[in-house]
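Residues take their numbers from the sequence shown, with the count starting at 1. First listed ligand is number 1; within each ligand, the first listed atom is number 1. Quantities reported herein were computed from a predicted structural model and do not represent experimental measurements.
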Amino acid sequence: MIRLGINVDHIATVRQARRAEVPDPVEVALLAEKAGADGITVHLREDRRHIQERDVELLRQRLRTKLNLEMAVTPAMVLFAEKLRPNDACFVPEKREELTTEGGLDVAAHRRKIRDAVRHLQGAGIRVSLFVDPEQVQIEASYEAGAHAVEIHTGMYCNAVGDERDKQLEAVVAAAKLAQSMGLEVHGGHGLNYENVLPVAEIPAIVELNIGHSIVARAVIVGIERAVREMKGLLNKAVGAQHAAPLPDKP
Ligand code: PXP
């Protein structure tokens, strides 16, 4: 059965919007595990816009499934991961201005740097995956880099419509097949939601999907009524509330 990794970055996005303590991505990760998540994914970005180092350290201590740390290929992050020892690490490209990860890692253009970083972390017992576009050259370069897995970037498929979507799905299928034939474990992720996930989940070579934004967005929708009811119930208990006059009808 396919594994579901839940990316809780955007729980931290909401927290950081107020520099508050809630919502706590660690608490949400534990609830996600209870609901059947097979792993938790976080991206510790250089700009620390959402997940913070402390979150990752707490997740490392408290998760029962596995921690997948997404990270840029930088000496500082490699050192951090080496110390933290997540179960898995996924190298992703990172640009400061981007809204989210845009495009896969260009493994073919940075072979040596990536191979060295992969060796370093895998030598420390961390399984490394490389987040790549569904292209033959990137899959082959990932194999040569010695990675345990590739995470195929599904964003182009998710953003496409009509015939273009079918074409993009074909590219994901072909890349997944090629990667599997080379002995790489095959993951997928980015942009997947309740409407577009099934064709990707049905690709036989894919054993893991990492999904974040759509699940966090859905959690807000399915949770808002209860959250409002709880606050309303509390206000109804406030002393004096029973004297409050009802709002006058609009003329
Ligand atoms: N996989 C990778 C490598 C990512 O960078 C991201 C986004 O952080 C995801 C999966 C999850 O993407 P989404 O939030 O669109 O589900």
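Each of the atoms 8 (O) of ligand 1 lies under 4.0 Å from some heavy atom of Asn7. Applying the 4.0 Å criterion to heavy atoms of Gly191 picks out, from ligand 1, the atoms 12 (O), 13 (P), 15 (O), 16 (O). Every atom of ligand 1 with a heavy atom of Val92 under 4.0 Å away is listed here by number and element: 3 (C).
For the ligand labelled ligand 1, residue Glu151 lies inside the 4.0 Å heavy-atom shell.
Side-chain contact between His148 and Val128 is absent, with no heavy-atom pair separated by less than 4.5 Å.
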- prompt: Can Leu184 and Ile139 be said to form a side chain to side chain contact (heavy atoms under 4.5 Å, CB included), step by step?
  reply: CA-CA 9 Å; Leu184 290 159; Ile139 303 292; 4.2 Å; yes
query: Taking it one step at a time, do Ser129 and Glu151 satisfy side-chain hydrogen bond (donor to acceptor under 3.5 Å, both in side chains)?
result: CA-CA 6 Å; Ser129 69; Glu151 179 167 322; 4.9 Å; no
- request: Before giving the answer on side-chain hydrogen bond (donor to acceptor under 3.5 Å, both in side chains), spell out for Asp166 and Gln168 the whole-Å C-alpha distance, their side-chain angles and the decisive distance to 0.1 Å.
  value: CA-CA 5 Å; Asp166 296 341; Gln168 292 294 343; over 6 Å; no
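In terms of polar-atom proximity, defined here as any N/O pair under 3.5 Å, Ile211 makes no such contact with ligand 1. Residue contacts with ligand 1: Ser214 is placed with no nitrogen or oxygen under 3.5 Å of a nitrogen or oxygen of the ligand (distance criterion only).
Contacts with ligand 1 closer than 4.0 Å are made by heavy atoms of both the backbone and the side chain of His213. Within the 4.0 Å heavy-atom criterion, neither part of His153 lies near ligand 1.
The aromatic rings of His153 and His190 stand perpendicular to each other, their planes meeting at an angle above 60°, with 30° marking the opposite boundary.
Across Asp55 and His50, no two heavy atoms sit closer than the pair OD2-O, 4.3 Å.
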